[in-house]
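Heads up, the thing below is written out as structure tokens.
Quick caveat, the model's predicted, so the values are computed rather than measured.
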Amino acid sequence: QVQLAESGGGSVEAGGSLTLSCAASIYISSMICVGWFRQAPGKEREGVAAIYGSGGLKYYADSVKGRFTISQDNAKNTVYLQMNSLKPEDSAMYYCATHTYACGSGSWSEDWRYAYWGQGTQVTVSS
């Protein structure tokens with residue numbers, strides 16, 4: 001059973017930064033795709049970023065490109081989401097998720113592909 005635990009959420013002002021962490025109970029090998037998703041109240045869950053291939057492949061939603069950076073530390077079995085220049089519209093519950101298949105540019109944001117999910121961490125950005 002794969003377990004994921006997010007941390008690092010909080011409240012910041014617009015323009016601020018946060019780093020989210022996703023600690024996995026398994027070894028993050030090159031065969032595992034890890035994604036970050038978010039869901040705001042009344043909105044559908046959306047893919048934010050994903051990483052695959054020991055960090056060699058990274059994918060981002062257009063809305064966060066240039067502001068967010070996904071990375072991983074295999075020694076710590078942890079994936080990070082560095083979020084800079086935060087905007088009020090970034091406010092949401094953020095979840096990390098993983099599955100044991102390849103991440104593709106056309107599939108990484110499809111949440112139904114991910115079998116394991118964390119409990120989420122709340123990010124609130126005030127204007």
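Taking both residues in full, the closest heavy atoms of Ile28 and Gln72 are given as CG2-NE2, 3.7 Å, listed atom of the first, atom of the second, then distance. Scanning all heavy atoms of the two residues, the minimum distance from Ala40 to Ser91 falls at CB-O, 3.7 Å. The two residues Ser127 and Ala14 come nearest to each other via the heavy atoms CA-CB, 4.3 Å. The two residues Leu18 and Leu86 make their nearest non-hydrogen contact at N-CD1, 3.9 Å. Annotation for Ile70 and Tyr60: closest pair N-OH, 2.9 Å, computed over non-hydrogen atoms.
With sequence neighbours left out, Glu89 forms a salt bridge (Lys or Arg N to Asp or Glu O under 4.0 Å) with no residue at all. Residues satisfying the side chain to side chain donor-acceptor pair (under 3.5 Å) criterion with Lys43, sequence neighbours excluded, are absent altogether. By the ring-ring contact (aromatic ring centres under 6.0 Å, His included) test, Phe68 is found to be paired with no residue, residues two or more places apart in sequence or in another chain being considered. Looking at residues two or more places apart in sequence or on another chain, you find a side chain to side chain donor-acceptor pair (under 3.5 Å) between Ser17 and Asn84. Taking the ring-ring contact (aromatic ring centres under 6.0 Å, His included) definition, one finds that Tyr95 meets it with nothing, sequence neighbours left out. Considering only residues two or more places apart in sequence or on other chains, Asp90 meets the side chain to side chain donor-acceptor pair (under 3.5 Å) condition with Arg38, Arg67. Residues passing the side-chain contact (heavy atoms from CB on, under 4.5 Å) test with Ser71, sequence neighbours excluded: Tyr80.
Residue Tyr94 holds its OH atom at 12.0 Å from CD of Gln39, rounded to the nearest 0.5 Å. One finds the CZ atom of Phe37 at 9.0 Å from the CD atom of Glu110 (value rounded to the nearest 0.5 Å). Taking CD of Gln3 as the start and OG1 of Thr98 as the end, the distance is 13.5 Å to the nearest 0.5 Å. For the atom pair CD1 of Ile26 and CD of Gln1, the computed distance is 10.0 Å after rounding to the nearest 0.5 Å. Distance check: Tyr52 OH to Ile32 CD1 gives 10.0 Å after rounding to the nearest 0.5 Å. The CH2 atom of Trp112 sits 9.0 Å away from the NE2 atom of His99 when rounded to the nearest 0.5 Å.
Residue pairs satisfying the salt bridge (Lys or Arg N to Asp or Glu O under 4.0 Å) criterion with at least one member in residues 47-56, sequence neighbours excluded, are absent. Annotation: disulfide (SG to SG under 2.5 Å) contacts involving residues 83-124, sequence neighbours excluded, comprise Cys22-Cys96, Cys33-Cys103. Legend: disulfide (SG to SG under 2.5 Å) pairs involving residues 36-95, not counting sequence neighbours: none detected. For residues 68-87, there are no salt bridge (Lys or Arg N to Asp or Glu O under 4.0 Å) pairs, not counting sequence neighbours.
Looking at Arg113 and Ser107, their side chains come closer than 4.5 Å, going by heavy atoms from C-beta outward. At least one side-chain heavy atom of Met83 sits under 4.5 Å from a side-chain heavy atom of Leu20.
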task: Starting from the C-alpha separation in whole Å, work towards a yes-or-no answer on side chain to side chain contact (heavy atoms under 4.5 Å, CB included) for Val48 and Leu81.
output: CA-CA 9 Å; Val48 176; Leu81 186 68; 4.2 Å; yes
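With 3.5 Å as the limit, one finds a donor-acceptor pair spanning the side chains of Thr19 and Gln82.
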Please tabulate, one pair per line, all N/O donor-acceptor pairs under 3.5 Å involving side-chain atoms of residues 116-123, not counting sequence neighbours.
from, atom 1, to, atom 2, distance (Å)
Trp117, NE1, Tyr114, O, 3.0
Thr121, OG1, Gly9, N, 3.0
Gln122, NE2, Ala92, O, 3.3

